[in-house]
Amino acid sequence: MSKPKVVSLFSGCGGMDLGFMQAGYELVWANDFEKAACETYANNLGSHIVHGDITELDLKKIPECDVMIGGFPCQDFSMIWKRGGLETDRGNLYKYFVKAVQYKKPKIFVAENVKGLLTANKGAAVRTITEDFARIGYKVSVDLYNFADYGVPQIRQRIFIVGVRNDLNWEFSKPLPTHDKS
């Protein structure tokens, strides 16, 4: 049986991609805007990463996939920045993730971002993003995770937005923690 194929957007140096690879998925294509991140990714994970601006990508060149993953820019949702959220160009880059999902129609997508997305724009940012994915045919869940609860050696809270294509008879449910404070 072949491995599920994954496309990665806003890949950075490949942290989420590595996790998917270690879980048995095949990374077939990745993209990031930062040249140094792409070089690090290529050195450690493979030459399937494409350096370029997501706003200029030709979606036809992205291979078919079962899963699409990515961590769209978080700075405008973060508690430590000015929190412009959806009122900034960078805060709206998530729309290119939505566009790619709509074009490729993967079975599942997984987007990661900072906890501040939940309260950015007085809660409107996460509602808008969720509605945008639902509008293109996905059942969407948003969950907050403390990575330490899953064995990562740091206290790091992040949200995951998981979408399952509406035509699939499957519901995503947040996995139970694997670690406790001890």
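Remember, it's a predicted structure, so these values are computed and weren't measured experimentally. This chain uses plain numbering: 1 for the first residue, then up along the sequence.
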Checklist entry - With sequence neighbours excluded, what pairs up with Phe172 under the ring pair (Phe, Tyr, Trp, His ring centres under 6.0 Å) test? => result none

Item to check | Non-neighbouring partners of Glu26 that pass salt bridge (charged side-chain N to carboxylate O under 4.0 Å, His left out), sequence neighbours left out | outcome: Lys5

Item to check | hydrophobic_cluster_shared for Val142 and Val98, side chain cutoff 4.5 Å | outcome: yes

Item to check | Partners meeting side chain to side chain donor-acceptor pair (under 3.5 Å) with Gln157 (sequence neighbours left out) | outcome: Lys115

Next on the checklist: Using the rule that Ile, Leu, Val, Met, Phe, Trp and Tyr join whenever any side-chain heavy atoms are under 4.5 Å apart, tell me whether Ile129 and Leu144 fall into a single cluster.
Outcome noted: yes

Checklist entry - Counting distance only, does the side-chain N/O of Asn43 pair as donor-acceptor with the main-chain N or O of Glu39 below 3.5 Å? => result no

Checklist entry - Do Ile136 and Leu59 share a hydrophobic cluster, counting only Ile, Leu, Val, Met, Phe, Trp and Tyr and linking them when any side-chain heavy atoms are less than 4.5 Å apart? => result yes

Item to check | Partner set under side-chain contact (heavy atoms from CB on, under 4.5 Å) for Leu176, not counting sequence neighbours | outcome: none

Item to check | Close side-chain approach of Tyr94 to Phe10, heavy-atom, < 4.5 Å | outcome: no

Checklist entry - Hey, mind stepping through Cys65 and Val6 against side-chain contact (heavy atoms from CB on, under 4.5 Å) and telling me if it holds? => result CA-CA 5 Å; Cys65 61; Val6 177; 5.9 Å; no

Next on the checklist: Holding to ring pair (Phe, Tyr, Trp, His ring centres under 6.0 Å), I want the full list of residues that pass it with Tyr25, two or more places apart in sequence or in another chain.
Outcome noted: Phe20

Checklist entry - Residues in side chain to side chain donor-acceptor pair (under 3.5 Å) with Glu34, at least two apart? => result none

Next on the checklist: So, using side-chain contact (heavy atoms from CB on, under 4.5 Å) as the criterion, who are the partners of Glu131 when residues are at least two apart?
Outcome noted: Arg127

Checklist entry - Which pairs with one or both residues in residues 173-182 pass salt bridge (Lys or Arg N to Asp or Glu O under 4.0 Å), sequence neighbours excluded? => result none

Checklist entry - Taking it one step at a time, do Ile108 and Tyr138 satisfy side-chain contact (heavy atoms from CB on, under 4.5 Å)? => result CA-CA 8 Å; Ile108 298 166; Tyr138 286 81; over 6 Å; no

Item to check | Atom pair CE (Met68) and CH2 (Trp29), whose distance is rounded to the nearest 0.5 Å | outcome: 8.0 Å

Checklist outcome for this item: For residues 96-106, the salt bridge (Lys or Arg N to Asp or Glu O under 4.0 Å) pairs (sequence neighbours left out) are Glu64-Lys104

Item to check | Heavy-atom check, side chain of Ile49 versus side chain of Ser11, under 4.5 Å | outcome: yes

Checklist entry - Would you say the ring centroid of His51 lies under 6.0 angstrom from that of Phe33? => result no

Item to check | Residue pair Val101 / Pro106, side-chain heavy-atom distance below 4.5 Å | outcome: yes

Next on the checklist: Run the side-chain contact (heavy atoms from CB on, under 4.5 Å) test against Lys60 and tell me which residues pass, sequence neighbours left out.
Outcome noted: Asp58, Tyr103

Next on the checklist: Asn166: which residues meet the side-chain contact (heavy atoms from CB on, under 4.5 Å) condition with it, sequence neighbours left out?
Outcome noted: Lys139

Checklist entry - Do you reckon Leu9 sits in the same ILVMFWY cluster as Met16, going by side-chain contacts under 4.5 Å, direct or chained? => result no

Next on the checklist: I'd like to know if the side chain of Asp66 reaches the main chain of Pro4, judged simply by a donor and an acceptor atom lying under 3.5 Å from each other, with no hydrogens or angles considered.
Outcome noted: no

Checklist entry - What pairs with Asn31 under side chain to side chain donor-acceptor pair (under 3.5 Å), at least two apart in sequence or on another chain? => result none

Next on the checklist: If I compare all heavy atoms of Gly12 with all of Asp32, which pair ends up nearest, and what's the gap?
Outcome noted: N-OD1, 2.8 Å

Item to check | Euclidean distance, Ser8 OG relative to Leu18 CG, rounded to 0.5 Å | outcome: 11.5 Å

Next on the checklist: Using only atom types and a distance under 3.5 Å, with no angle test, would you say the side chain of Tyr145 pairs donor to acceptor with the backbone of Pro177?
Outcome noted: no

